[in-house]
Each structure stands twice: as C-alpha cells, then as structure tokens.
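Beneath this line is the structure, given in structure tokens, with notes to follow.
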Amino acid sequence: YTESRQTRRRYAHITPPFFVVPMASDDSTKVPEPGVVLQQQQQQKHPGCRSGAVWALVLSLVLAPAAWEVKASRESLEYRPVPELQRTIQVLNFEEADYLTQFYFARREDFPHTYFNLLLHRWRSDDKMLGRIFAKIVEAANHIEGGGHDYVIATDFFSYRSASVVQFAPYGQFHHDCDFWKVDGGEGLNLWILLDHHSLNKTFEVLERAHNEAAYNHRRMAGNKQALLMMPLSELGLEDSYRFVAKSGRVPFVSGHSSMLDARAVAYMLLEKVLRSARTLLGKARLSWYGTPEAAGYNLRRFAVTQPNTSRFALDRGEALVLREYELHRTDLNELGPEDFRLAVSFKLFRRNAKVARFLANCPAEKERVAYPALWEETGKHVKDFYGARSVPSRQLEMINFQERLMLVLSSNLQIVLLLAGSGLLLSPAGFGEASFRTSLLGVVLAVGSLLVLVVVAEYDWILMVNEENPQMGGRRTSALKVAWR
C-alpha cells in the first residue's frame, strides 16, 4: 500500500492518456516505453489526420462524376454524315407568310426569348393558325427526298437581318447548330423559311460540302466529333482564314435542365472561361513578340482552313432553305442599304422518338428552356413534341417566377448539400472525427453558402428575371444563364 502511494506521487505529473498502466500479472505499475509516449504525443499534435481523410473522401465523391462524364461525352459523339437532301422546298403560302410577318413586327418587343416565341403564343392563346402552320412544317419535312420522313419540331425562332441588325454570328464565324448534337443519328434538319424582304431575298452563307472538301475533311471535323465554330484568324493577320474551336460539349454534373444550376458545373464553366481568356491573351502576346504566325510556331496547314467557298440561295416568300444538320453556316455580313431587310422563321426538326443522348447545356435553346419546366429535357428520355400536341394547358408554359428560380438553385445543389452535411456529421463527435459539433456545423454552413453564393452571383440577372436585348447581337434576346455558360 505504501509503495503504491509513493508510485502514484512519483508519476502524478504525467497527464492522461499517459497514465500508469497496471500489469496483468500483479498490481505493480510502470512508465510507458519512450516509443509509445512519442507515438501518442504525435497523435495528440495532429488530430486532423482523420478529418483530412474524411474531407478527401467527400471531395472525391463530389468531383468524381466529372471525369466519367467528360470521357463519356467524347466517346459517344459519333461522326455525322451530311445527307443528300434537296436544297429548297415550298412550305408556306403568301397568307401564312404574311401572318407570321405581322406577328413578328407586332410582338417582337415583347418576346421573352429568342426561341419558342411561336410555341408559347400557340398554346397561351390557342392560336389555330399557328397550329396549321406547325402541321405544314412537319408535313413538308416528312416529304423531303432523302430525309427521315417522321419529324417533330424542336425549336422555332425568327431571323431578322437589316443594315443595323446581325442576330447570329456577328463576328463572322461559321458554326454548327449545336442543338442537333444532343441526339444520336444524323438526320436532323433546319427549315429556314423566307417570310418577307426588301431587296434581300437571298439566304445566309452556307458551306456546301461539295465546294469545301478541305473544311469538311479537316482533322477537327472528323476527329473532334462535336459541334464546332470556325473562327476567323484576323487577329493573326490572316485574311480569309479560319480555325476550328469546339462550340459546345457536355458539361460535367449536368444531365438535364433540372441540374443546370449545379454549383460544380457553374464553377467548371467559369474556370473554362478564365482559361480560354488566358489562352487568347497569351496567343496575342506570342504573335506580337514573334511578328508572324510562322515565326510564332503556328502550323497553318494543320491549324487553319483557308478560302472557304460560301453559297447563298434566292428564295420566294414561303419557300424554305433545307439546311442539313452538319453544314457550317453564318449570317451574311455584306453591307445593306438603309431600307433593305430580310425576315425569316426557322424550325429545327428531329426524328420522332429520338432520345436525348447527351445534354448540351451551352446551346442557346437549351438555356432558354430552363425558364419553362414543361420544356425541360433529361438524358435518356425522348424529345418532347409540344408543337404537334393536340392540347397543352397554358399553365404548363408559364415562366417560372423568382421564388421558383431560387428553389431551382437549391434543388440543383441538393446532392452537394447532402454530401457536405454528411461530412460534417462524420467530422463531429457523433461520427469518428475530432472536431467539435459547432466547428463541423460552421464548416458545412460556410461550404454550402459559398457554393450557393457562387451560383447566385454568376446568374443573378437570370434569377432576377432580367430580360433585355443583346446589343452585340442586334435584336436577339439575352439567353438564360448567359454569364456562366458560353
């Protein structure tokens, strides 16, 4: 008893967990070995080791889908042949062309978007004339020789050109209509119908494959397998030369309109914008330093397409240009007289029952669908046919309000919120972490709040329902999600 008391007094300065360990054989005690003490002290100094492991696991769960989705998008976009379709077809009569012309000039100031204005008016006002026009569009598409013969309308938009208005591709770039790349197959088409004009009955510029084999056989066209832009190289001092860049691709973490405001996707797109701007600045600095593209190391034969041969086609009122989905095209940029103008309406069509194979969130029409939940699409589901429906309740095509837009921000990030909340639980004493409950809760709140603030700041104008014309696109309405999306 006396020896045990003396032993306790001798080692009283050693605090838990470094207490005296009783031996199993008897009541005697001894001081822990120096190696054991050192190991225990190191664990006491670094209590965040397990916390770091938990956060690493959570981060991998949050970001892992990105690598898989980007890889899947590159593998699934197949080369799409240009079907041999007739170039023009008569679709509407003069009365129907006049009706759409009057509709445009009377209502264009009130259009909420660039796309779907005819569809929204059709079902909000039960416009029978528009119903007949939609039926004629589909009938004409189904009778095009070499086409798919079973089409549905996907989008509608007006195309207006005057001396002061260049709605599409104002900087002279050729482009694909990226909407077609969300479905498999190569049978989509665009019926571009002339409604009215003054001294301007010719179409925009089209690169026909028969006259531009070099462009269509370029490695980017055959190898990149996605919608492209053909950008002018005027910044390199090369006139009539262009380079291919990707117009749109699948965005990680986005599988449909319901997840377009995912904070991870918004951050991805913002980072992509920053990197793209940095590459542009570095390219200009490189060119100014070396003086010529050749000296700067640009292999123009492999890099550029030169002297494309454009085609334009004269149309009568009500007659349509049949644009194949894979054909590059751009708005004509020639100078016009003060009274010259051209008004057309365009309908993009897919095969009936085509499935959305990949969600291309960068396409303008897809961005504008976000405001109308009835028009939302998801990968793996069939494209919707509202244009050919017998009836659509008008309430289904009401634009979502401010409160609903905030709820969309929250629902798009529900997965992230749950993962962060789960990590906070694991890091708290209720799990196997060392952090206090208050610290864990504060970390989760800050992380979730930062992500939601990122989305709100990036898309504040869409959330606040700002609707205005884009001055750089002459009369074209601003698309939803225009800040964080290309």
Between atom [atom1] of [X] and atom [atom2] of [Y], what is the distance when rounded to the nearest 0.5 Å?
X: Phe105; Y: Tyr160; atom1: CZ; atom2: OH; value: 5.0 Å
X: Asp316; Y: Leu194; atom1: CG; atom2: CG; value: 8.0 Å
X: Lys348; Y: Asp156; atom1: NZ; atom2: CG; value: 10.5 Å
X: Arg264; Y: Leu454; atom1: CZ; atom2: CG; value: 12.5 Å
X: His198; Y: Ser162; atom1: NE2; atom2: OG; value: 13.0 Å
X: Leu261; Y: Ser412; atom1: CG; atom2: OG; value: 4.5 Å

Indicate yes or no for a side-chain donor-acceptor contact from [X] to the backbone of [Y] under 3.5 Å, with no hydrogens or angles considered.
X: Glu205; Y: Thr310; value: no
X: Asn212; Y: Ala215; value: no
X: Tyr151; Y: Ala140; value: no
X: Asn190; Y: Leu323; value: no
X: His175; Y: Leu229; value: no
X: Glu404; Y: Asn401; value: yes
X: Trp376; Y: Val370; value: yes
X: Gln90; Y: Arg317; value: yes

Check the pair Lys273, Met269 against side chain to side chain contact (heavy atoms under 4.5 Å, CB included), reporting the backbone distance first and the verdict last. CA-CA 6 Å; Lys273 280 179 173 289; Met269 293 303 299; 5.8 Å; no

Taking everything shown except [X] itself, do over 12 heavy atoms lie less than 6.0 Å from its [atom1]?
X: Met407; atom1: CE; answer: no
X: Lys384; atom1: NZ; answer: yes
X: Glu213; atom1: CD; answer: yes

Does a side-chain heavy-atom distance below 4.5 Å link [X] with [Y]?
X: Thr155; Y: Leu119; answer: no
X: Glu377; Y: Val383; answer: yes
X: Tyr387; Y: Trp123; answer: no
X: Met129; Y: Glu95; answer: yes
X: Tyr372; Y: Leu120; answer: yes
X: His329; Y: Thr203; answer: no
X: His382; Y: Val183; answer: no
X: Ile144; Y: Leu191; answer: yes

Below 4.0 angstrom, N of the basic side chain to O of the carboxylate: do Asp340 and Arg161 qualify? no

Would you call Arg108-Asp110 a salt bridge at under 4.0 Å N-O?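 Salt bridge: no.
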
Looking only at heavy atoms, what is the nearest atom pair of [X] and [Y], with distance?
X: Ala263; Y: Asn413; result: N-OD1, 2.6 Å
X: Leu321; Y: Arg87; result: CD1-CD, 3.3 Å
X: Gly131; Y: Arg122; result: CA-NE, 3.3 Å
X: Leu360; Y: Glu366; result: O-CG, 3.5 Å
X: Ala320; Y: Val91; result: CB-CG2, 3.7 Å
X: Glu139; Y: His143; result: O-ND1, 2.7 Å

Could you walk me through whether Glu339 and Ser199 pass side-chain hydrogen bond (donor to acceptor under 3.5 Å, both in side chains), step by step? CA-CA 8 Å; Glu339 302 297 326; Ser199 300; over 6 Å; no

Would you please indicate yes or no on a ring centroid separation below 6.0 angstrom for Tyr326 and Trp181? yes

Taking the ring of Tyr242 and the ring of Phe174, is the distance between their centroids below 6.0 Å? yes

Do the ring planes of Phe244 and His218 sit parallel (below 30°), tilted (30 to 60°) or perpendicular (above 60°)?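 Judged by the thresholds at 30° and 60°, the geometry between Phe244 and His218 is tilted.
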
Going by the angle between their ring planes, with limits at 30° and 60°, are Phe111 and Phe158 parallel, tilted or perpendicular? parallel

Given salt bridge (Lys or Arg N to Asp or Glu O under 4.0 Å), test Asp332 with Lys202 step by step and report yes or no. CA-CA 9 Å; Asp332 48 300; Lys202 286 190 174 182; over 6 Å; no

Name the residue from Phe313, Phe347, Phe157, Phe204 that meets the ring-ring contact (aromatic ring centres under 6.0 Å, His included) definition with Trp192.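 Answer to the ring-ring contact (aromatic ring centres under 6.0 Å, His included) test with Trp192 among Phe313, Phe347, Phe157, Phe204: Phe204.
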
Please walk me through it: do Glu96 and Leu100 pass side chain to side chain contact (heavy atoms under 4.5 Å, CB included)? CA-CA 6 Å; Glu96 293 160 340; Leu100 292 178; 5.9 Å; no

Pair Tyr99-Asp127, side-chain donor/acceptor within less than 3.5 Å: yes

For residues Asp196 and Tyr104, is any side-chain donor paired with an opposing acceptor at under 3.5 Å? no

What verdict does the side chain to side chain contact (heavy atoms under 4.5 Å, CB included) test give for Leu315 and Ile193, after you've listed the backbone C-alpha separation in whole Å, the side-chain angles of each residue and the deciding distance to 0.1 Å? CA-CA 8 Å; Leu315 300 176; Ile193 308 169; over 6 Å; no

Worked check of side chain to side chain contact (heavy atoms under 4.5 Å, CB included) between Asp150 and Arg351: CA-CA 6 Å; Asp150 191 13; Arg351 288 291 302 275; 4.1 Å; yes

